[in-house]
2 protein chains.
Amino acid sequence: MATTIRQVAEAAGVSIATASRALSGSDAVVPATKDRVLRVAAALDYTPSRLARGLVTGTTGNIGLIFPDITNPFYTSFLAEVESLVGAHDLGIVIGDSHEDPDREYALVRQMSTQVDRLVLTSSRLTDEQIVAAAGRLPIVLANRRLGDDMAMPPRLSQMVIDVDAGFTAAVTHLYKLGHRRLTYLDGPARSWSARQKRAVLTRVCGELGLNLTIVGIERPDFTAGLAAGTDLDLDQATAVLAFNDQVALGVLAALRARGIDVPGRISVIGCDDSLPDGLAWPALSTVDSSSRALGALAAAAVLDPESKQNGSVPTRLIVRRSTARAAVDLNPREEKTPEPS
Amino acid sequence: MATTIRQVAEAAGVSIATASRALSGSDAVVPATKDRVLRVAAALDYTPSRLARGLVTGTTGNIGLIFPDITNPFYTSFLAEVESLVGAHDLGIVIGDSHEDPDREYALVRQMSTQVDRLVLTSSRLTDEQIVAAAGRLPIVLANRRLGDDMAMPPRLSQMVIDVDAGFTAAVTHLYKLGHRRLTYLDGPARSWSARQKRAVLTRVCGELGLNLTIVGIERPDFTAGLAAGTDLDLDQATAVLAFNDQVALGVLAALRARGIDVPGRISVIGCDDSLPDGLAWPALSTVDSSSRALGALAAAAVLDPESKQNGSVPTRLIVRRSTARAAVDLNPREEKTPEPS
DNA sequence: TTGAAAGCGCTAACAG
DNA sequence: CTGTTAGCGCTTTCAA
């Protein structure tokens, strides 16, 4: 079907080995021969088979990427960043979507392991043991997830996370200073390592500051879920809302606007990721900057340079915009709340 | 490194051929043997090499997808749809981003051609000739692009487009009936086939109806460009804006809101794609429904069933929401416009 | 029902 | 500098 190196060699009147050398730019070929081979190859529109090459060299020229949900902008922008960094080295990119299912994720790992050189697992839903097992097959880059401290770190594994500590601490402190005492947090996916991190920081900081924290689980961390949460939001419960990501926060904003509730006058809203283009949210959304693009850049670096250090982390910080303001209600509302007309 | 079929065969005490047959579920193996092989394979955590298999069978179990810009939600949702349909058949998915560059796109086609069974080209920036050449290498699915009528249709090429005619005609007619006579269109990428389609329909329909059409080129069809366009928008120029896609329309909406210009009171806005979740746009955006998900479904069907018909098309229609209303200004404003205080 | 052997397209020693 | 040869891991005749 397609042209093979054999046909090129024959047409150029050289051996297959020489053709191979010429094609791969080896300098152990006299220029005249090399030129001839290259010319013939071009004329025949020859493209080397990546399969065959991979079989013999043991390196495929592909990298793999696995996501829990490629529908989520967090991962698409991660993907875009990795692509632009890695694609330039003409490595191929193989992707897979586990749909949040650990079994499917592991099946993808196996399937891909035979056709990529390195595998990036984003927000992996696998167990630590499974991840270590995967690292036994091929070098793994863990993004947005870190193995438990008790796990022995396999040599061919690197991990990079978003360090939400600073950003979330700043967010809560910011709210506290504005007089907020009751905060609702719209949580992320149950199996998610990063959701656990955020929850942990939040719980700790709220505890330290004496801020009342309500954690609300949502189905998927997207606009629609945020809209629903914003619609159901009990205004007596909290004076501020912090969302797992900007999509959810955007949904909350939309719901509150529809309910005629002023943001930030009546309630403050904070998102996470700083993923929205300027001007998209109304009012402009305060957010914890924790870009998946930055995480993607880190992952790409780890993929491209196997010597890079094994642990990376993206710092976070709070970006204050319009959606947060001084708490309008009293600090201790339960005591002073005017009785509801019944 | 990894377990090979040879090790499985040895451990099971059978020949490689028998192991292969057992593993591939051939019925020409006595059940006892088959079981043994399977058990051993599982114990050894054996995963067949896709490379080796592909080399001999000539089929890789992968499909390829090439985009002009994976950053664009139009393509990510296309990708998500294809993935969910195609991924279930455990085919691998290889992606590439041409960054709008035809040369890079063709390089990707070549690179991928040796490791995928079929290739989906979305909004291809290649020439018709290059596309035909690509179809000579492997079966091609052209999405959001159609070869010129004068081109001989290669046998292994199928093409599917979004038929914008109905939707755009309805949009313009809708505006016309509301009294609008001057329309600004925010155009898509220069090299884009679909942008050309939209422009053509618009020009024709506006001509027929006697509607004044201003076409404004924008850099990239995203929110930021829409914001800029909306900021620069000359309100004397038009009473309605139609955008290449919803992202741009969203930007326009944001800009107008920032300028304090009422939509739809002062100006009507229509998007394209119906890609925004309900409630995201404010006011709710009238749009031409032309989902890239539907296009993705069509492409996936073509990929999965080579026998499927070669030409597909996604119908479009107008969805009227809040962002369009009766033109507030007079039909012939130039004559009645109050003089500016200078 | 199983095994031996050929070979997919390519690279990498090893000779010449 | 170039050709010969031996595989990479797998499937698939062809015999037994």
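Computed from a predicted structure; not experimentally measured. Naming convention: chains lettered A, B, ... in sequence-line order (proteins, then strands); numbering from 1 in each chain.
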| remark: Shortest non-hydrogen pair, B:N62 vs A:Q115, comes out as OD1-OE1, 2.8 Å
| message | Once you apply a heavy-atom cut-off of 4.0 Å, does B:S24 come out as touching a base, just sugar-phosphate, or nothing? | response | nothing
| A:I16 CD1 to C:dG9 P: how many Å, rounded? | 10 Å
| query | Hey, are the side chains of B:V109 and B:I66 touching, using non-hydrogen atoms and a 4.5 Å cut-off? | reply | yes
| query | Hey, is the side chain of A:R53 poking within less than 4.0 Å of OP1 or OP2 on C:dT11, counting only N and O atoms? | reply | yes
| query | Out of D:dG3, D:dC10, C:dT11, which nucleotide sits closest to the side chain of B:S49? | reply | D:dC10
| field | Under-4.0 Å salt bridge between B:D45 and A:R137 | value | yes
| request: Report yes if a side-chain nitrogen or oxygen of B:S15 is closer than 4.0 Å to either non-bridging phosphate oxygen (OP1 or OP2) of C:dA4; otherwise report no. | output: no
| said: Without decimals, in angstroms, what is the distance between B:L23 CG and D:dC10 P? | reply: 8 Å
| request: Using a cut-off of strictly less than 4.0 Å, decide whether B:S20 has a side-chain nitrogen or oxygen near OP1 or OP2 of D:dT11. | output: yes
| field | Sidechain N-carboxylate O distance under 4.0 Å for B:E100, B:R191 | value | no
| field | Atom pair distance, as rounded to whole Å: CZ in A:R6 and P in D:dG3 | value | 14 Å
| Rounded to the nearest Å, what distance is computed from the CD atom of residue B:Q7 to the P atom of nucleotide D:dG9? | 8 Å
| field | Presence of A:T33 side-chain N/O under 4.0 Å of D:dT2 phosphate oxygens OP1/OP2 | value | yes
| said: As a test of reading the structure: which of C:dA5, C:dC10, C:dG9 is closest to the side chain of A:P48, going by heavy atoms? | reply: C:dC10
| For the side chain of B:L55, counting heavy atoms from C-beta on, which of C:dC8, D:dT2, D:dT13 is nearest? | C:dC8
| A:R50 (side chain) and C:dG9 (base): donor-acceptor pair under 3.5 Å | no
| said: Of the options C:dG3, D:dC10, C:dC10, whose atoms approach the side-chain atoms of B:V56 most closely? | reply: D:dC10
| request: Give a yes or no on this: more than 12 heavy atoms of other residues, nucleotides or ligands lie within 6.0 Å of atom CG of A:D150. | output: yes
| How close or far is atom C1' of D:dG3 from atom CD of A:E10, stated in whole angstroms? | 14 Å
| field | A:I5 vs B:R21, nearer the 5' end of DNA chain C by closest nucleotide | value | B:R21
| message | Just to be sure I understand the rule, does B:L51 reach a base, reach only the sugar-phosphate, or reach nothing, if contact means heavy atoms closer than 4.0 Å? | response | nothing
| request: Take B:V29 and B:T57, find for each the nucleotide of DNA chain C with the closest heavy atom, and name the residue whose nucleotide sits nearer the 5' end. | output: B:V29
